[in-house]
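Read through the structure below, which is laid out as structure tokens, and then see the notes.
In what follows, chains carry the letters A, B, and so on, assigned in the order in which the sequence lines appear, proteins first and then strands, with residues in each chain numbered from 1.
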Amino acid sequence: METLLKMEAVTAAYGQSQVLWDIDLDIHKGGAVALIGRNGVGKTTLLRTIMGVQKAASGVIRFNGADVTAQKPHERARGGIGFVPQGRHVFAHLSVEENLTTGLSALAGRGRGLIGQGVPDHIFDLFPKLAQIRHRKAGVLSGGEQQQLAIGRALAGQPKLLLLDEPTEGIQPNVVQQIEEALRRVRTELGVTIVIVEQYLDFAWSFADEYCVLMRGRMIRRGTTAQDSAADVAHLVNV
Amino acid sequence: MLDATLLAGQVFNGFSVASLFVLAALGLALSFGLMRVINMAHGEMLMLGGYLAYLTYLVVPGPLAILVAMPVAFLGAALLGAVLELTVIRKLAARPLDTLLATWGVSLILQQAARSIFGPIGVGVTAPDWLNTGFLLAGVYIPSTRLFILAVAVVVLAVLGLVIARTRLGLLVRAVNQDRMMAAASGINVRRVDLAVFCLGTGIAGLAGVVLSLLGPVTPSVGQSYIVPAFLVVVMGGLGSMVGTTVAAIILGLVSAISQIFLDVSMSQVLMLLSVIVFLQFRPQGVVATRSRALEE
Ligand SMILES: Nc1ncnc2c1ncn2[C@@H]1O[C@H](COP(=O)(O)OP(=O)(O)OP(=O)(O)O)[C@@H](O)[C@H]1O
Ligand SMILES: [Mg+2]
């Protein structure tokens, strides 16, 4: 199987305090990997390091065949990495439509006129709610709407790899279901490879085909969701 | 006893002073709002604009020279801004104190360069005849130059407002301004946006320099006399907001012009400083609180 993302001995630190040790990871095209672990073990830091908004202190990150370790975040975005961060980070003072439009920036250099075509319809198809509220300011939306917007914005850049950091955190159950449904379609219909940080093991297991467990900044276990059951790893994740 | 027409005249003057303040301060406010950078050489962008106006007059004399001088000064100052951003400010990103010192050094170098090229005494630009007039409005004499300055400021504000609200560049600027990390992760070249905004700001200062040249001689230190009020305007305006900057410029322009009925120029400067201090006691966040909403207000 073709590898899309490969990390070799990656470490990361905030100032003097090291947060990630020796991370090796490879993710094949079309896969969906759930990244799990207790609070504060470095899941967010790992996604940020893949995106490049956090610098790897050492190690190599390869994406789609190229060494991207030295690339800036916008170069990685343009290369095909989409990011839905923890806390969503929608642009609060921009409208829904403007938020989605910023996502088109990742298309720069991928073909003439792509940005001018505007936000592709399939995003409104995935999240019909966004079409209804397209002129509203993102800051006034509910958490679920903001999450859909954050995912839509990342998809506007037509990523090959989508990094999702706890997309269901703090969202009501019925909206969580819609988001899960949309993410399944992102996988199957758009063929996007996914790395998802997820606390709900049930969803992680039904969605992903592989899982990785982080503990205190190290990758301590990796397997397929088909072979291992959620119950086998629950003790590594729950306090 | 206060003469009503004198007061009305000074109020009008206040608005034209405010126009100069806003043109001088916008660039500072924009780059501070976006990059948290204080460019001490900003005043020299005004100076450059003034000298470029002078040179334009030499090359294309005539009544419309001033209209040619404006795009020349805008582009010249924007270009110098680009060089400054790429060679100094970008290299010192995230080190505000070093940026302050380095741009101060650049300011001194530019002043010295002007002294060597144009001499220590100022050069003059004579306003064309169509600006050298004036008219009476309800008993108040309105000089055309001052009306022209006001018009330039209004047009600049309107165009800038449109660029920020309606263009793709404006959208990117607002996105970077609100969440730099997320803007970068969305594929926006944030450094390029910084550069564009910085150049836009220095270009506007260049325009201010042209306008200044209508009021007095262009000297190597002409920028210095406007940079202090410009900083006051930026601080009072709320550090980066366009509307805040404009409102603060109007307040301080009026304070400056009206107080000059009673006070000499240096005392009126003191009064300006005092009014900023008092204002910030009551509204520490400035006219428009920025942190997150800087540019779209
Ligand atoms: N900006 C920062 N500066 C310093 N330390 C940080 C910073 N962000 C995170 N950390 C520390 O790094 C470690 C890993 O944090 P991270 O956010 O990656 O964990 P996480 O697994 O995503 O946690 P959670 O499940 O709570 O989201 C934590 O100990 C945290 O305190
Ligand atoms: Mg996290």
Test item: A:Phe91 and B:Met182 side chains (from C-beta on) under 4.5 Å apart, heavy atoms: yes

So how far is it from A:Thr102 OG1 to B:Arg174 CZ, rounded to the nearest 0.5 Å?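 Here the rounded value is 10.5 Å.
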
Proximal component of A:Ile115, with respect to chain B [non-hydrogen, under 4.5 Å]: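 Contact with chain B involves the side chain of A:Ile115 alone.
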
More than 12 foreign heavy atoms under 6.0 Å from CZ of B:Arg192: is that the case here? no

Shortest non-hydrogen contact between B:Ala185 and A:Phe83, atoms and distance: CB-CD2, 3.8 Å

What is the minimum heavy-atom distance between B:Ser186 and A:Arg153, and which atoms define it?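 Minimum heavy-atom separation between B:Ser186 and A:Arg153: OG-CD, 4.0 Å.
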
Below 3.5 Å, can you tabulate the donor-acceptor pairs from side chains in residues 123-132 of chain A to any protein atom, sequence neighbours excluded?
{"residue": "A:Asp125", "atom": "OD2", "partner": "A:Arg185", "partner atom": "NH2", "Å": "3.1"}
{"residue": "A:Lys129", "atom": "NZ", "partner": "A:Glu145", "partner atom": "OE2", "Å": "2.6"}

Can you name the residues of residues 63-78 of chain A that have some heavy atom under 4.5 Å away from a heavy atom in chain B?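 Under the 4.5 Å heavy-atom cut-off, A:Pro73, A:His74, A:Ala77, A:Arg78 qualify.
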
Please look at B:Arg168 and chain A and tell me whether the side chain, the backbone, both or neither of the residue comes under 4.5 angstrom of a heavy atom of that chain.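 B:Arg168 touches chain A through side-chain heavy atoms alone.
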
Please identify which of these residues, B:Asn189, B:Ile188, B:Leu171, meets the side-chain contact (heavy atoms from CB on, under 4.5 Å) condition with A:Ser105. B:Ile188

